[in-house]
Amino acid sequence: MNLGPSLILCLLLAPAVFGQPTYSKEVSRIIQEKCQTCHRPNDVAPFALLTYDDAANWAPDIERVVTSRLMPPWKPADDHGKFKGYRGLSDEQRQTLIDWVQAGAPEGDPADLPEPLDLTSQWALGQPDVELQMAESYTPPRGKDMYRCFVLPTGLTQNQFISAIDVQPGRRSVVHHVILYLDSTGDAEKLDAADDGPGYTCFGGPGTGLSAGNGNLSSLNLSSLLEIGANLGGWAPGQRPEKLPDGTAMYLDQKARIVMQVHYYSTRQSGDDQTKVGLYFSQAPVERRLIWMPVVPLDRRGRLSMQIPAGAKGFDVKAEFSIPPISLFDLTAVAVYPHMHLLGTAIKLEVERPRESPEQMIAIDNWDFNWQGPYQYNEPVKVPAGSKVRLTCTYDNSVDNPRNPAVSPRDITWGEGTEDEMCLALVGITFDRENLLPLNQLSAGRLKK
Ligand code: HEC
């Protein structure tokens with residue numbers, strides 16, 4: 001075979017291909033991969049980026065938002081843990097978009113365009129094992145943020161292991177984030193009954209029993225701590241559902257109700273919403289349970305406690321969770337879910353293992369309550385017995401914080417309300433020594449009989 005002429009052709013084409021990207025060839029592919037999950041009709045982004053004309057119209061803004069890293073929205077800082085579903089641009093992708101805009105946004109040859117994406121909203125992981133839906137549709141108020149909790153009985157007839165959840169907003173243009181809490185107390189139904197219309201208003205949590213941290217919690221023991229962490233994770237726009245690694249799953253008691261918090265964000269559009277939740281049961285045998293371990297600020301008597309003085313800026317609240325130095329407590333972190341409210345500006349979690357220097361587990365430098373959710377590690381993080389997990393939450397409780405919900409700043413303490421705060425990291429851990437496989441095999445054997 002004679003490679004000569006094709007090699008020369010490649011060299012001749014090289015400057016055209018690498019020096020000046022075109023929409024049809026490079027840019028459309030980046031936009032499909034990194035922008036269209038949100039920039040499609042009737043989704044969370046305010047405009048679609050589906051065609052050359054769309055992209056060309058927005059070209060200067062595209063250059064600005066990718067240079068400033070405002071887009072695509074991806075909160076965790078790059079060098080503090082690597083997570084599944086990474087949405088950010090690679091340096092090369094970012095540079096290609098910038099070069100394209102600076103070259104005058106050339107279209108190139110439409111014959112080079114990739115196949116358009118299938119934009120019909122399907123469950124990304126296939127049909128869920130259980131689909132739950134709000135009992136009736138809800139119409140959020142127009143032009144105002146609304147955080148609303150809906151109680152979803154699961155209808156399960158046996159306890160289940162869950163390996164993934166997904167959410168399908170009924171009306172994508174108004175649904176911002178969704179969090180799935182678990183309630184085993186029955187309180188959520190009472191709250192629902194006491195509030196007019198479908199669901200009930202809630203903010204930093206489901207308002208049920210212990211999880212509220214609402215004063216009826218005098219001292220925290222292990223079970224009340226785990227109650228705070230009782231959730232199945234959450235969803236924010238543009239997020240792809242991720243299955244937990246084989247052998248790891250979340251436990252769902254058949255009697256628990258799922259309390260789905262939906263944040264309807266302020267838009268001029270309105271209309272009713274009936275959001276759906278999909279649950280995926282673990283297909284592989286489950287070896288270890290994922291437990292959401294809460295790292296929260298406690299006072300000396302073990303009570304939830306934090307205070308942010310009125311007007312304070314760059315104010316840190318710190319929390320620490322010490323893992324007992326007993327080998328039973330060798331843990332592995334599979335996921336992490338940081339949580340603060342509207343005064344939060346930055347949040348950072350690190351693990352200090354015995355005799356080692358601290359390792360960053362996650363850092364978010366520009367916290368935004370509306371882009372919160374769980375992050376699953378690419379490589380699980382070891383948290384051996386004797387480690388300390390340290391959380392630092394930074395707040396701006398001054399009038400300069402445009403998100404400050406208070407008319408005039410006041411001292412802020414822990415609570416679930418819009419004007420209360422939280423400093424919380426739920427660390428999705430498994431116990432290295434746990435092995436449920438023999439139990440699974442027993443029950444499987446029983447079923448076969
Ligand atoms: C996870 C969802 C999501 C993804 C992915 C996403 N965007 Fe956005 N984009 C938004 C939302 C929502 C807004 C509206 C402003 C806001 O809420 O931050 C927006 C706004 C914008 C704006 C206008 C911003 C301004 O300041 O005027 C541009 C330009 C933009 N996006 C470009 C992009 C590009 C280019 C990509 C891909 C590289 C992208 N976006 C990926 C959700 C997304």
Side-chain angles (χ1 to χ4, degrees), residues 21-76 78 83-103 105-107 114 116-117 119 121 124 140 143-146 166-169 171-179 233-242 262-269 342 345 364-376 402-403:
T22 65
Y23 176 80
S24 302
K25 216 162 199 167
E26 292 86 5
V27 172
S28 52
R29 286 173 172 81
I30 299 173
I31 290 182
Q32 276 193 345
E33 187 193 333
K34 295 288 170 82
C35 317
Q36 283 182 9
T37 42
C38 300
H39 287 271
R40 59 167 90 182
N42 192 26
D43 211 298
V44 65
F47 55 91
L49 283 176
L50 298 184
T51 62
Y52 171 69
D53 286 345
D54 293 340
N57 280 338
W58 284 95
D61 299 278
I62 291 175
E63 182 184 1
R64 174 173 51 83
V65 296
V66 304
T67 307
S68 65
R69 297 177 193 230
L70 191 67
M71 290 284 145
W74 176 258
K75 291 287 157 186
D78 278 349
F83 301 98
K84 293 189 178 165
Y86 179 67
R87 251 199 322 253
L89 296 168
S90 67
D91 291 341
E92 196 189 333
Q93 288 176 321
R94 185 176 307 106
Q95 198 54 51
T96 304
L97 292 178
I98 294 169
D99 290 346
W100 173 72
V101 176
Q102 289 181 351
E107 180 173 10
L117 293 188
L119 298 179
S121 306
K144 183 172 162 237
D145 280 275
M146 171 58 99
D166 196 6
V167 168
Q168 274 203 7
R171 189 172 294 273
R172 285 177 183 266
S173 51
V174 296
V175 172
H176 209 294
H177 75 243
V178 174
I179 302 175
W235 174 92
Q239 190 169 306
R240 262 191 64 89
E242 297 287 349
V262 183
H263 169 205
Y264 295 105
Y265 77 133
S266 160
T267 67
R268 261 167 282 130
Q269 309 182 33
L342 302 167
T345 54
I364 294 178
D365 301 327
N366 51 351
W367 171 257
D368 182 344
F369 184 82
N370 296 329
W371 290 105
Q372 63 174 302
Y375 297 93
Q376 204 186 122
R403 295 198 178 108

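Remember, it's 1-based here, ligands and their atoms both numbered in the order they're listed. In this text the structure is predicted, and so the values were computed from the model without any measurement.
Contact check for Trp58 versus Val65: no side-chain heavy atoms found under the 4.5 Å cut-off. The shortest distance between side-chain heavy atoms of Gln372 and Ile364 does not fall below 4.5 Å.
In plain terms, the two heavy atoms of Pro21 and Pro106 that are nearest each other are O-CG, 3.5 Å. Contact detail for Pro114 and Ser24: the closest heavy-atom pair is CD-O, 3.8 Å.
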Q: Please lay out, stage by stage, how Asp99 and Gln95 fare under the test side-chain hydrogen bond (donor to acceptor under 3.5 Å, both in side chains).
A: CA-CA 6 Å; Asp99 290 346; Gln95 198 54 51; 3.0 Å; yes
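Proximity of Tyr265 to ligand 1, defined as any heavy-atom pair under 4.0 Å, is not found for any part of the residue.
The protein heavy-atom contact nearest to atom 28 (C) of ligand 1 is Phe47 CZ, 3.4 Å. For atom 12 (C) of ligand 1, the closest non-hydrogen atom on the protein side is Val44 O, 3.8 Å.
Residue-ligand proximity, Thr37 to ligand 1, at heavy-atom distances under 4.0 Å covers atoms 5 (C). Atoms of ligand 1 lying under 4.0 Å from any heavy atom of Asp61, numbered from 1 in the order shown and given with element: 29 (C). The ligand atoms of ligand 1 that sit less than 4.0 angstrom from a heavy atom of Pro46 are 11 (C), 13 (C), 14 (C), 19 (C). Under a 4.0 Å criterion applied to the non-hydrogen atoms of Lys34, ligand 1 contributes the atoms 5 (C), 37 (C), 41 (C).
The ring pair (Phe, Tyr, Trp, His ring centres under 6.0 Å) check on His176 picks up His263, Tyr265, Trp371, with sequence neighbours excluded. Taking Phe83 as the reference, Tyr375, Tyr377 meet the ring pair (Phe, Tyr, Trp, His ring centres under 6.0 Å) condition, with sequence neighbours excluded.
Nearest-residue assignment for atom 26 (O) of ligand 1 (options Gln36, Arg64, Arg87; heavy-atom criterion): Arg64.
Screening residues 44-56 for side-chain hydrogen bond (donor to acceptor under 3.5 Å, both in side chains), with sequence neighbours left out, gives Thr51-Asp54.
Each of Leu89, Leu49, Val66 was checked for a side chain to side chain contact (heavy atoms under 4.5 Å, CB included) with Lys34, and the lone residue meeting it is Leu89.
Distances under 2.8 Å from atom 8 (Fe) of ligand 1 pick out the protein N/O/S atoms His39 NE2, Met71 SD.
Lys75 places a side-chain N or O within 3.5 Å of a backbone atom of Asn366 that can act as its donor or acceptor partner.
In this structure, atom 15 (C) of ligand 1 has its sub-4.0 angstrom surroundings free of protein heavy atoms.
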